[in-house]
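The next block holds one structure in the form of structure tokens; read it before the comments.
The figures here come from the full heavy-atom set of this structure, side chains too, leaving out hydrogens, waters and symmetry mates. Just so it is clear, the model here is predicted, and its values are computed rather than measured. Sequence positions, counted from 1, serve as the residue numbers for this chain.
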Amino acid sequence: MNKTARILLLALAAFFLFLGIKSSQHSKSYAELTDIQTITGTIFQLHCPPKGAASLSLTDSDLTYNLSVKFRTEYCDEKKSPVLLSKEITLQSVQVNGKFHQVYKIESKGRMLLNPDDVLSDQTSATLGLFFLAFLITALVLYKSRPVKNK
């Protein structure tokens with residue numbers, strides 16, 4: 001591996017490490033949040049991508065409420081997804097960016113559909129993923145840069 005490739009890969013690893021550190025510093029537990037909004041509304045649409053976290057829209061609202069990966073795996077299928085549409089829910093969220101809110105809790109008729117632990121687990125795995133990527137890139141550079149022994 002040439003010197004330029006090593007420098008670029010190590011810079012990329014440092015970037016992922018930096019993002020991981022920033023992510024771990026800025027993620028707060030549910031108990032530490034101060035700007036939680038409680039909203040009651042009716043689910044208008046579920047947005048269920050093939051990978052990643054789901055989101056939902058409420059009737060008479062142009063805001064998007066980001067959910068968790070666990071919510072997508074549990075409720076985004078052909079049987080359970082239509083059942084949730086037009087259901088009245090109470091959610092607790094924090095505004096993260098313009099019209100986007102991160103939901104921490106969803107309740108419907110006393111039944112918990114999403115809890116803060118699910119969101120925390122998503123945030124933790126994303127942060128660990130960034131650290132793991134930085135480690136893998138560094139390991140690749142070290143492996144490819146080792147001296148070759150001649151037999």
Side-chain angles (χ1 to χ4, degrees), residues 1-39 41 43-58 61-85 87 89-108 111-148:
M1 177 179 289
N2 66 32
K3 187 177 181 178
T4 305
R6 276 187 292 212
I7 291 171
L8 287 174
L9 285 173
L10 289 174
L12 185 63
F15 177 69
F16 285 129
L17 182 65
F18 173 75
L19 287 178
I21 291 169
K22 290 302 253 183
S23 174
S24 66
Q25 287 175 343
H26 289 294
S27 62
K28 293 181 180 178
S29 69
Y30 180 72
E32 295 174 34
L33 295 173
T34 57
D35 49 351
I36 297 174
Q37 301 171 3
T38 301
I39 299 153
I43 297 177
F44 174 69
Q45 185 177 14
L46 280 174
H47 310 282
C48 299
K51 291 185 179 182
S55 62
L56 63 81
S57 302
L58 297 176
S61 174
D62 60 344
L63 301 175
T64 301
Y65 296 92
N66 299 323
L67 307 171
S68 69
V69 174
K70 185 178 179 190
F71 185 92
R72 180 186 54 81
T73 57
E74 289 182 3
Y75 295 104
C76 284
D77 63 22
E78 295 167 2
K79 293 179 183 175
K80 293 180 183 174
S81 183
V83 174
L84 290 177
L85 297 178
K87 187 169 265 203
I89 59 168
T90 300
L91 59 85
Q92 292 183 348
S93 67
V94 174
Q95 184 176 5
V96 289
N97 183 354
K99 294 183 178 183
F100 294 95
H101 290 248
Q102 176 61 54
V103 177
Y104 286 87
K105 274 187 182 180
I106 298 180
E107 268 187 80
S108 176
R111 183 171 167 237
M112 188 72 68
L113 301 176
L114 177 71
N115 65 49
D117 292 338
D118 299 336
V119 177
L120 179 63
S121 117
D122 282 357
Q123 291 172 345
T124 302
S125 54
T127 301
L128 289 176
L130 290 168
F131 287 128
F132 186 64
L133 232 110
F135 170 75
L136 280 179
I137 292 172
T138 305
L140 174 72
V141 169
L142 292 174
Y143 177 75
K144 288 294 194 176
S145 300
R146 75 188 193 292
V148 179

> By side chain to side chain donor-acceptor pair (under 3.5 Å), which residues pair with D62, not counting sequence neighbours?
Replying inline: K99

>> Set out, in order, the CA-CA distance, both residues' side-chain angles and the distance that settles side-chain contact (heavy atoms from CB on, under 4.5 Å) for L17 and T138, then state yes or no.
In response: CA-CA 10 Å; L17 182 65; T138 305; over 6 Å; no

> At what distance, to the nearest 0.5 angstrom, does OH of Y65 lie from CD1 of I43?
Replying inline: 11.5 Å

> Do the side chains of F100 and L63 get nearer than 4.5 Å, heavy atoms only?
Replying inline: no

> Do the side chains of S145 and R6 get nearer than 4.5 Å, heavy atoms only?
Replying inline: yes

> For the residue pair M1 and A5, what are the closest heavy atoms and their distance?
Replying inline: CG-CB, 3.9 Å

> When rounded to the nearest 0.5 angstrom, what distance separates OG in S68 from CG in L120?
Replying inline: 11.5 Å

> Taking atom CG of L113 and atom NZ of K105, what is their separation to the nearest 0.5 Å?
Replying inline: 12.5 Å

> How many angstroms lie between CG in L91 and CD1 in I36, if you round to the nearest 0.5 Å?
Replying inline: 11.5 Å

> Out of curiosity, L133 CG to L130 CG, how far, rounded to the nearest 0.5 Å?
Replying inline: 7.0 Å

>> When you measure from the side chain of Q102 to the backbone of N66, do you find a donor-acceptor pair of N or O atoms at a distance under 3.5 Å?
In response: yes

> Do L142 and R146 touch side chain to side chain, with heavy atoms closer than 4.5 Å?
Replying inline: no

> Checking side-chain contact (heavy atoms from CB on, under 4.5 Å) for the pair V103/V119: CA distance, chi angles, key distance, verdict?
Replying inline: CA-CA 8 Å; V103 177; V119 177; over 6 Å; no

> If you round to the nearest 0.5 Å, how far is OG1 of T64 from CG of L56?
Replying inline: 8.5 Å

> Can you check side-chain contact (heavy atoms from CB on, under 4.5 Å) on F71 and L46, steps first, answer last?
Replying inline: CA-CA 11 Å; F71 185 92; L46 280 174; 3.9 Å; yes

> Listed by chain and number, what are the side chain to side chain donor-acceptor pair (under 3.5 Å) partners of Q92, not counting sequence neighbours?
Replying inline: Y30

